[in-house]
Amino acid sequence: MCGIVGYCGRKNISEILLGGLKRLEYRGYDSSGIAVGTDNGITVIRRVGKLKNLIDAVPSMLTAQFGIGHTRWATHGEVSEENSHPHTDCSGKIAIVHNGIIENYQQLKDRLIASGHKFKSQTDTEVIAHLLEEAWDGNLTASVRAILPMLRGTYGLIAMHADVPGVLVGARRGSPLIMGIGKDEMFLASDASAIASHAQNVVYLDDGEIISISETGFSITDADNNDIKKPINDMEFENDDFEKNGFPHFMLKEIFEQTESISRGMAGRLDLAAATGKLGGLNMNENQLRAVRRVVIVGAGTSYFAGCIGANFLESMAGIPARAESASEIAYKDIIIEPDTLYFVVSQSGETADTLIALRELKRKGARVLGVCNAVGSTIARETDGGVYIHSGPEIAVASTKAFTSQITTFAIFALIMARLRNMTSVQGEAFIKAFQAIPSQIKEVLEQDSAILALAKKYCGYPNFIFLGRGVCLAAAYEGALKLKEISYIHAEGVGAGDLKHGPISLISEQMPSLFLVPNDGLRQKNISNIKEVKARCGKVIAICTRGDNEIAETVDDVIEVPETWPILSPFLMIIPLQLFAYHCAVLLGRDVDQPRNLAKSVTVE
Ligand code: F6R
């Protein structure tokens, strides 16, 4: 969703701001803009559409030493230049960029208009600029502090004023904001990616904090103007993390990175001698873990499907009743928190509004909530009672791939820990670890079939509808495969339980509706084969992902992709890879914008 960046320093400001916005493109946007402070006041340049339109409009050598930039994803008001950020007050001396939603903007706007303010946009954000104009007392930090209590909703914002050259003031509530420290230069941004190539250190701001930066320093205060000391962290990303490194798209790069990202997520977390796992950040001792009677995993989209698989691991391996809940649903349910239930919230970005709201509701009602996040220092990671970083590295493509397999890596380790504290023998634990450690090299073998999957995509990408079917631990992998296909290729795809086919979806089967079955070599294989036959009997085309050497399936279906044999419970790790590649190739063949599909944002920070 919207991304923001701010800079105080002496480097070429257009390069810094536009470079930062380029790095934020992956979050999804429909327009962009910058504001810079020059000797003649504030210059604002905004454009609709791709960032290139803005880059073409900005003079390459702007002489300014402070400025802000924004990529907008429209919420209030159509996609237009007037509605793009930065927004200014009536005098044009104040400029604002804002991420989030001001819920009471209409009341504020009505009052401001009644007292003579002239609005130029339909956005909620513009009220902030006019409120600042009204509260202006010559001190930017004090003026920002004065208006924040009037805002209801969420914000990560940066303000600048022509009369206070070289200073930016930021504030956050519910939307991320971080500060970057470079050599004689300071940054503000919604996301480390925007400043990773310049800043050596970062400070993660918390809700309620107000930050003022200049080229040489910063100060952080709270609503009552008390000074706040914050830890200064190293910038954990390399510049390379944000480059395609020879791949045509970030999504393909991230699919191929999964051998390493999964290995990173396992590193130091498997103990073969004790035949168990180790997850340092859980903040729970063995007795507390043994006392857990139920696990509920909460997430959105792909993270929710990873949670479904995690719940399956826990039930199958540790015998603990477990389920996944969609974050947007649980947030508004009458949740009954039982004292021996452990909650997890899963989020790649750590900023998803639905998941954050669910987390806060669960905590308010007394639940112990652990996080499974990728983005270090993200809001969800910081607000949970403990948790695990999945370490998959920055995921830039909007469609999540490597984060999904890293999330289920974490849950497999957690399930192993829980199983070994209960019923699992050391012999079983050891055998599981060996099978699990083989997964990265087995994924490599699956990736080697990329050209066969491309051929499959060529054969099938013209079909407008698909059904993805699975059972047991592969059901959520089927849901995830369907989600991948629909979100990047815009082909309609549904995930269906193979056992549910006869309860309705079978009426859709025809020559025009291909089915994609996930058939691991598990106890449900025969049932899956029966379902495949039901589809074939109705002239449906079937693609199957099955275990290597499963000739019975190969002979029954139209097309097959084989994956190496593994423990049945681990099969989602291998079965999801062909589905990710299939979706990717269909999208490319159909000419879609693979890394930034229409209407989607990487980090969904609004409800
Ligand atoms: C799908 C996708 C989304 C996200 C969902 C949650 O490819 O990317 O469904 O999984 O918006 O995002 P996070 O994991 O950042 O909370």
Side-chain angles (χ1 to χ4, degrees), residues 1 3 26-28 73 174-176 190-193 249-252 254-255 258 261 297-310 324-331 344-360 369 371-384 387-408 410-411 468 476-477 479-490 493 495 576 579-584 587 592-607:
M1 296 236 150
Y26 77 98
R27 296 168 64 100
W73 194 83
S175 287
S190 51
D191 179 326
S193 62
H249 297 99
F250 281 109
M251 183 176 175
L252 192 62
E254 288 159 8
I255 292 173
Q258 288 175 104
S261 53
I297 306 172
V298 179
T302 292
S303 295
Y304 166 69
F305 297 141
C308 295
I309 293 174
E325 293 254 12
S326 158
S328 59
E329 282 298 314
I330 201 167
F344 279 95
V345 286
V346 200
S347 173
Q348 187 284 126
S349 62
E351 304 292 349
T352 299
D354 289 322
T355 313
L356 188 55
I357 291 166
L359 161 64
R360 289 177 179 160
V369 192
V372 173
C373 291
N374 191 29
V376 175
S378 56
T379 311
I380 292 175
R382 283 177 298 130
E383 290 196 15
T384 39
V388 188
Y389 283 118
I390 60 172
H391 294 311
S392 66
E395 193 179 63
I396 306 294
V398 162
S400 184
T401 52
K402 63 175 181 170
F404 174 76
T405 45
S406 296
Q407 287 164 342
I408 62 175
T410 303
F411 284 120
F468 283 60
Y479 290 154
E480 170 61 6
L483 178 66
K484 286 291 87 85
L485 186 63
K486 71 181 120 182
E487 67 184 334
I488 59 164
S489 73
Y490 319 147
I576 196 63
L579 304 192
Q580 293 171 345
L581 286 170
F582 182 70
Y584 171 78
R592 310 300 190 217
D593 188 347
V594 174
D595 283 337
Q596 288 161 35
R598 69 182 180 206
N599 305 335
L600 290 178
K602 181 67 184 161
S603 177
V604 187
T605 50
V606 293
E607 270 192 273

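In listed order, ligands and their atoms are each counted from 1.
Taking every non-hydrogen atom of K484 and a distance limit under 4.0 Å, the qualifying atoms of ligand 1 come out as 1 (C), 7 (O). Heavy-atom proximity to S400, at under 4.0 Å, picks out these atoms of ligand 1: 7 (O), 8 (O). When each atom of ligand 1 is checked for a heavy atom of Q348 under 4.0 Å away, the hits are 13 (P), 14 (O), 15 (O), 16 (O). Ligand-side atoms of ligand 1 in range of S303: 10 (O), 13 (P), 14 (O), range being under 4.0 angstrom from any heavy atom. Taking every heavy atom of A399 and a limit of under 4.0 angstrom, the matching atoms of ligand 1 come to 7 (O).
Protein heavy atom at the shortest distance from atom 6 (C) of ligand 1 is A300 O, 3.2 Å. In this structure, atom 15 (O) of ligand 1 lies nearest to the protein heavy atom S349 OG, 2.7 Å. From the protein, the heavy atom lying nearest to atom 10 (O) of ligand 1 is T302 N, 3.1 Å. Among all non-hydrogen protein atoms, the one lying nearest atom 13 (P) of ligand 1 is T352 OG1, 3.2 Å. Of the protein's heavy atoms, E487 OE2, 2.4 Å lies nearest to atom 7 (O) of ligand 1. The protein heavy-atom contact nearest to atom 11 (O) of ligand 1 is V604 CG2, 4.0 Å.
Within the 4.0 Å heavy-atom cutoff, V398 counts among the residues contacting ligand 1.
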Next item on the list: Starting from the C-alpha separation in whole Å, work towards a yes-or-no answer on side chain to side chain donor-acceptor pair (under 3.5 Å) for T379 and E351.
Entry: CA-CA 6 Å; T379 311; E351 304 292 349; 2.6 Å; yes
Margin query: Assess the residue pair V376 and Y389 against the criterion (side chain to side chain contact (heavy atoms under 4.5 Å, CB included)); give the C-alpha distance rounded to whole Å, side-chain angles, the decisive distance to 0.1 Å, and a yes or no.
Written below: CA-CA 7 Å; V376 175; Y389 283 118; 3.9 Å; yes
Note to self: Evaluate S349 against K602 for side chain to side chain contact (heavy atoms under 4.5 Å, CB included), listing each step before the verdict.
What the structure shows: CA-CA 8 Å; S349 62; K602 181 67 184 161; over 6 Å; no
Note to self: Let's go through T401 and E395 carefully: what are the C-alpha distance in whole Å and the side-chain angles of both, what is the deciding distance for side chain to side chain contact (heavy atoms under 4.5 Å, CB included) to 0.1 Å, and is it a yes or a no?
What the structure shows: CA-CA 8 Å; T401 52; E395 193 179 63; 4.1 Å; yes
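Salt-bridge formation is detected for the pair R360/E383: a Lys NZ or Arg NE/NH1/NH2 atom is positioned less than 4.0 Å from an Asp or Glu carboxylate oxygen.
In this pair, F305 and Y479 present their aromatic rings tilted. The plane angle is within the 30 to 60° band.
Side-chain atoms of T352 and D354 form no donor-acceptor pair, as typed in the model, at a separation below 3.5 Å. Looking at E480 and T302, their side chains do bring a donor and an acceptor atom within 3.5 Å of each other.
Of all the heavy atoms of E351, none lies under 4.0 Å from any atom of ligand 1, so neither backbone nor side chain is involved.
In this structure, the side-chain hydrogen bond (donor to acceptor under 3.5 Å, both in side chains) partners of T405, at least two apart in sequence or on a different chain, are Q258.
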